[in-house]
Each structure stands twice: as C-alpha cells, then as structure tokens.
Amino acid sequence: MDAVQRANSGHPGAPMGMAPMAYVLWSRHLRHNPANPQWAARDRFVLSAGHASMLLYGLLHLTGYDLTLDDLKAFRQWGSRTPGHPEHGLTPGVETTTGPLGQGLGTAVGMAMAQAHLAAVYHRPGHDVLQHYTYVLASDGDLMEGISHESASLAGHLKLGRLVVLYDDNRITIDGATSLSWSDDVAQRFGAYQWQVLTVEDGNDLAAIDAALTDAKADATRPTLIRVRTHIGYGSPNKQDSEASHGAPLGEDEIALTKANLQWPHSEPFAVPDEALAVWRDALAQGAAAEAEWDERFAGYASAFPAEATELERRLEGRLPDGWEAALPDLAGSGGMATRQASGKVVTALATAVPDLLGGSADLSGSNNTTMKGQPNVEPDALGGRNVFYGVREHAMGAAMNGMALYGGIVPFGGTFLVFSDYMRPAIRLAALMEQKVVYVFTHDSVGLGEDGPTHQPVEMLSALRAIPNLLVIRPSDARETVEAWRVALRHEGGPVALVLTRQKVPDLPEGTASVAHGAYVVADASNGAPRVVIVGSGSETSVAVEAREMLEQDGVPARVVSMPSMELFAQQPDAYRASVLPPGVPRVAVEAAHPQSWHRWVGDTGAIVGIDRFGASAPASRVFAEYGITAEAVTARVRGLLDG
C-alpha cells in the first residue's frame with residue numbers, strides 16, 4: 001500500500017489478497033538462498049500476475065536478497081530496481097519478466113520441462129541433484145489468456161509433477177467482477193488437462209494453504225493447481241473485493257483505515273518491525289544450509305559420476321562444448337536445396353556435438369525440418385529425449401523455450417511457419433527483452449510457399465520481427481549461408497535469433513568475400529570497373545539479384561550483388577566495412593519478397609525497393625513471383641529506370 005501510494009501508481013489490491021499464500025510458500029516450502037539467487041538447485045518462483053510486483057519486491061527484501069527498503073521506496077521510478085512489473089536481470093531474485101498475463105505460467109512450464117529433462121538425463125540412482133520445484137502465483141487474468149490453455153494442456157500431457165500453481169481466485173478484473181466475461185469451471189478445466197486440483201476456500205487459512213502445498217508436492221506425476229479463494233484489497237474497508245483496489249493507489253485516508261482495520265500499529269509508511277524482519281531473515285541461514293547440503297550431495301555425485309557432473313556443470317554455466325563447430329556440415333556446392341532442408345541437416349549434425357540443444361515444432365516437424373534424426377523424443381515418461389512435440393501451440397512453445405533458456409543448461413529451438421510467428425510474438429518479445437538464448441526456426445518464409453495462399457504467405461512478418469529490439473533476424477540465401485546462420489545463432493549472446501528459411505529450393509550462390517556473421521557481403525561484383533548499381537537481396541531473392549546482375553552486365557551495366565542475411569548484424573559492423581559493401585554514392589536496389597518497410601534504411605532516398613506491399617495469392621510459387629514482380633526481369637527494369645531517371 002505504501003509503495004503504490006508513494007509512486008502514485010501501481011496495483012495494491014492483488015498483493016494484499018495474495019500475501020498469506022505467499023508467506024506460507026516462502027517461509028515453509030520454497031528452497032532458495034537469498035545470498036545466491038543463481039543457486040542451480042533452487043526452487044523457481046514465478047509471479048505470473050506481474051502487476052502484483054510489490055508483493056514480490058516485499059518478499060525479496062524481507063528474506064534478504066540484495067534489495068533495500070530504499071529500493072522499495074523507489075517503486076516505479078526512473079532507474080530503480082523495482083519497476084512496475086518484474087524484470088529479469090534487473091532485480092535479484094526475479095526469475096522471469098512478467099506482466100503480460102499468462103506469460104509467467106507459460107514460462108514456468110518451460111522451467112519445469114528443463115528441470116525434468118536435465119534430471120532424466122543426468123540423475124543416477126541415489127544421486128538426484130536437481131529435485132526442485134517450480135511455483136507460480138497466477139491470477140484470474142492469467143487463466144483467461146489463451147496461452148494458459150496451451151501451456152496447461154502441455155504441462156498435463158508431459159506429467160510435470162514438480163510444477164505447482166497457486167491460483168489467486170479473487171474474482172475481480174479491471175472491468176469489475178469476473179462474471180462479466182467469465183464463467184469457467186477452472187477446477188474441471190485443469191482436471192481435464194490431467195492436473196491435480198486442490199482448493200483452499202479461505203485465502204487467510206495458513207494451515208490449509210500449507211497442507212495444500214504439501215499435497216501438491218506429494219503427486220509426482222501431475223502438475224498441481226491450488227485454487228485459493230482470496231479477497232482483492234483484503235482489509236480495506238471501502239475497496240476490498242472491488243476493482244477500485246486493482247490498479248490505483250488506495251489513498252492516504254483509506255490506507256490509514258486499512259491499517260487500523262488490520263490492527264497494524266505502525267502508522268508511518270514502510271514500517272518493518274525488527275522482530276518481524278528477524279523472522280523473515282531466517283531465510284538467509286536456511287538458504288545457506290540448504291545450499292551447503294546440496295553442495296555436499298553434488299560432490300558425492302561428482303565423485304561417483306565425474307563425467308556426468310562435469311557435463312552438467314558446463315551446461316548450467318552456459319558454455320557450449322569445446323569443438324562443437326567442427327560438427328557443422330559442409331553444404332557448399334549442394335546443388336541447390338531449400339534452406340529449411342539445409343537447416344534440418346545442421347540440427348541433426350549438431351545433435352551429438354551439442355547435447356544442450358532441445359528442439360521441436362508446433363506440429364510442423366516435417367515441414368520445419370526441426371527433428372534431430374537419431375535422437376529420442378520427449379515423451380511423458382521419457383523427458384530426457386531431444387525432440388519436443390509441442391502440438392498446435394505456438395504461443396506455449398515460445399513461452400516454454402523462454403523458461404528453458406532462463407532455467408539454464410538448454411539451448412532451445414522451435415519451429416513454425418513464419419506467418420505463425422504472430423501467434424507467439426508476445427513470447428518472442430519477452431525473450432528479446434530478457435536477452436535470452438532462444439532460436440526460432442521460421443520456415444515457409446514468403447509467397448514462395450505457393451498454393452497455400454495469402455493466409456499462409458508472410459508479407460509483413462519480416463519487417464515486424466526486425467522491429468523488435470535485441471532480436472537477431474537471419475534470412476540465409478542458400479545452404480552454405482544456412483550453416484553459417486546456425487553458427488552465428490549458437491555463438492550469439494544478448495538475445496534470441498530468428499532463422500527465416502525457404503520452403504522452395506534455392507540455387508547455390510558464389511561464396512563471396514565474407515560471411516553471414518558480417519550481416520552482409522559482396523556475392524558477385526561488377527566485372528568491369530566500379531559498379532554503377534548495387535543490388536541487395538536476402539533469402540531466395542538473392543539468387544534473383546544474381547540473375548538480374550548477369551542481365552545488366554550483358555547490357556554493359558556494371559552491377560554488384562550483395563547478400564544481406566541480417567540487417568542487425570550488418571548495422572553492427574564498422575563504418576568502413578559497411579562502406580566497402582555498400583559504396584556511398586552508388587545507387588542501391590533491394591529485392592525481397594516481403595514488405596519493403598525495413599529496407600528504406602539501406603537503399604536511402606536515391607534507391608529503390610522491389611518488394612510486396614499487399615497480401616499474397618494462391619498459385620504455384622513461380623506464378624506468384626512472376627505476378628508480384630519478384631523476378632530478374634523486374635529487378636533489371638527497376639535498375640534501368642533508376643539509372644535513367
């Protein structure tokens with residue numbers, strides 16, 4: 001109440017109602033060490049209801065994390081470590097960025113998958129070193145969001161028994177009572193997902209909450225939902241059980257009334273009695289003891305199974321195996337193949353060399369070529385497999401991959417058609433915001449997929465993805481570039497990578513003068529003197545640019561072709577390198593079978609773009625390309641018009 005009032009913004013109601021269940025969880029069940037927030041064997045706590053951030057900040061401060069009372073007083077202020085919604089990497093103890101409802105639950109499913117996978121791979125009889133839980137505190141709004149359905153269904157199918165969700169059933173949303181828009185039987189819904197469902201009718205009954213958490217942990221084969229009936233704004237005489245306490249300060253007068261109603265004797269804001277703080281800070285000693293006990297157990301594991309312990313430590317530290325790049329296949333001179341096919345060869349080749357890879361697809365494994373051939377599948381009773389079948393659940397897949405990356409020890413990749421990247425865009429955005437190592441395999445990248453028509457032909461998606469900060473987009477032009485794209489993706493730090501791949505075969509390009517890591521490079525230069533024009537392409541259209549160059553050269557127009565698989569990587573290069581690829585003063589023509597928006601930066605006011613600014617059409621790919629002007633003839637005509645103009 002005090003922090004929200006001081007900030008003059010925020011959400012006091014949810015923390016007031018959730019406080020008892022949070023207290024029981026953190027004081028009696030959560031295994032964590034505030035002095036070491038990155039302890040590998042800690043339980044994970046995810047506040048999916050991220051608007052209740054002051055609850056989490058209060059818990060972190062009270063239990064002894066590096067978060068001071070002054071940090072809490074700076075709630076929602078510029079430069080503070082207590083932003084309006086929890087941000088991973090900013091505040092110690094925040095496991096994932098939350099706020100967009102449902103994302104925390106989906107991410108937690110990924111964390112539970114990562115724990116189960118690594119346990120299945122590395123545990124040995126008598127040496128269970130990763131036996132911990134993932135706890136989620138979720139709201140009505142979290143369970144309304146579509147991602148919650150996808151993620152809960154997947155978790156139940158996979159029998160993630162170490163996932164426990166505390167559902168804050170306060171029956172209030174911003175608009176008012178949940179009954180305005182919702183009449184779900186949540187218990188039956190989660191029961192149908194093969195979850196254990198428990199109920200606590202009084203959210204202030206600490207013993208009942210404690211017993212429910214104990215029962216939840218006793219079920220090893222089902223995730224658990226604990227429905228806890230709470231009261232938003234609990235204790236507020238005038239705003240309890242009202243949307244008025246959801247997203248605005250209570251007001252000084254109402255805070256005073258609430259403190260009196262709760263028999264809280266401290267009228268001054270931010271009061272933390274010494275005796276209360278001492279009880280909370282027991283978490284430091286308990287956490288240190290728990291970690292020391294685990295260290296001893298891990299030492300026994302390392303003594304009995306040194307190779308496994310060394311490998312597990314490497315993975316949890318986020319280091320790829322030494323020499324992994326030697327496993328990359330040489331696909332130069334392949335004779336022409338779809339870049340999705342080349343990508344499939346890469347993931348199969350890397351599977352043994354990089355055991356960290358855990359990949360799958362949203363029911364498109366054969367189309368996305370994401371299956372690591374020869375590797376076992378992830379199944380409910382065999383979670384140590386390598387190939388994940390997410391089903392038609394793009395959004396859950398995106399969030400789960402975030403959870404795996406946050407957990408550590410796994411480099412997750414997941415595939416779908418590029419057009420369906422919109423179904424998982426919120427999760428992609430959060431991966432970028434958290435700078436997580438996640439790889440997206442987006443195939444069927446243009447109108448070149450042909451007969452499926454405009455519903456499946458992406459037009460605006462490339463520009464939309466390129467607009468996301470920290471997301472590295474790579475659209476390779478042939479098999480060789482695809483291999484290099486994977487090399488870059490696995491080396492990359494600081495955010496996710498989107499590999500954008502063709503359905504149709506593409507010819508091999510000349511090897512050029514540099515690599516995908518530079519973002520752009522010269523594929524074919526003017527044969528006689530300096531170029532009069534530079535044609536820039538990506539993906540399948542780079543070969544169109546090469547063909548156009550040949551036509552121009554025959555007509556006496558010296559032309560250079562540049563492959564630009566990644567605008568983001570090219571933008572990071574030194575000015576001198578960029579000028580060597582795109583010489584100043586030489587007109588540029590970009591060609592890409594997508595919306596032209598992202599190309600204006602590179603062609604400038606004097607250049608031209610051959611692109612597509614309308615939806616596609618159902619027809620064979622060659623006909624669609626011809627009708628939309630993505631041909632060598634059309635590019636040549638555009639160049640001539642530019643030079644003659």
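Computed from a prediction, not measured in an experiment: that's the story for all the values here.
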Test item: side-chain donor near acceptor, [X] and [Y], under 3.5 Å:
X: Ser48; Y: Asp142; value: yes
X: His29; Y: Tyr133; value: no
X: Arg315; Y: Tyr122; value: yes

* Do the rings of His132 and Tyr407 sit parallel, tilted or perpendicular, given the 30° and 60° boundaries? -> parallel

Residues at least two apart in sequence or cross-chain that pass salt bridge (Lys or Arg N to Asp or Glu O under 4.0 Å) with Asp215, listed by chain then number, are none

Sorted by chain and residue number, the salt bridge (Lys or Arg N to Asp or Glu O under 4.0 Å) partners of Asp140 (sequence neighbours excluded) come out as none

Please tabulate, for the side chains in residues 277-288, all donor-acceptor contacts under 3.5 angstrom to protein atoms that are two or more places apart in sequence or on a different chain.
residue : atom : partner : partner atom : Å
Arg281  : NE   : His61   : O            : 3.4
Arg281  : NE   : Leu62   : O            : 2.9
Arg281  : NH2  : His61   : O            : 2.7

Contacts satisfying salt bridge (charged side-chain N to carboxylate O under 4.0 Å, His left out) that involve residues 95-124 (not counting sequence neighbours) are Arg42-Glu95, Arg124-Glu308

Here the pair of heavy atoms bringing Pro223 nearest to Gln194 is CD-O, 4.1 Å

Given side chain to side chain contact (heavy atoms under 4.5 Å, CB included), test Thr97 with His85 step by step and report yes or no. CA-CA 7 Å; Thr97 299; His85 293 85; over 6 Å; no

Before accepting this row, confirm whether a basic side-chain N of the pair [X]/[Y] lies closer than 4.0 Å to the acidic partner's carboxylate O.
X: Arg31; Y: Asp43; answer: no
X: Lys159; Y: Asp381; answer: yes
X: Arg81; Y: Glu87; answer: no

Separation between CG (Leu60) and CH2 (Trp26), nearest 0.5 Å, reads 4.5 Å

query = Given Phe413 and Trp486, is the ring pair (Phe, Tyr, Trp, His ring centres under 6.0 Å) satisfied, shown in steps?
reply = CA-CA 11 Å; Phe413 67 92; Trp486 268 104; 5.7 Å; yes

Hits for side-chain hydrogen bond (donor to acceptor under 3.5 Å, both in side chains) against Glu311, two or more places apart or cross-chain, chain-then-number order -> Arg314

Quick note, side chain to side chain donor-acceptor pair (under 3.5 Å) partners involving residues 104-119, not counting sequence neighbours, are none

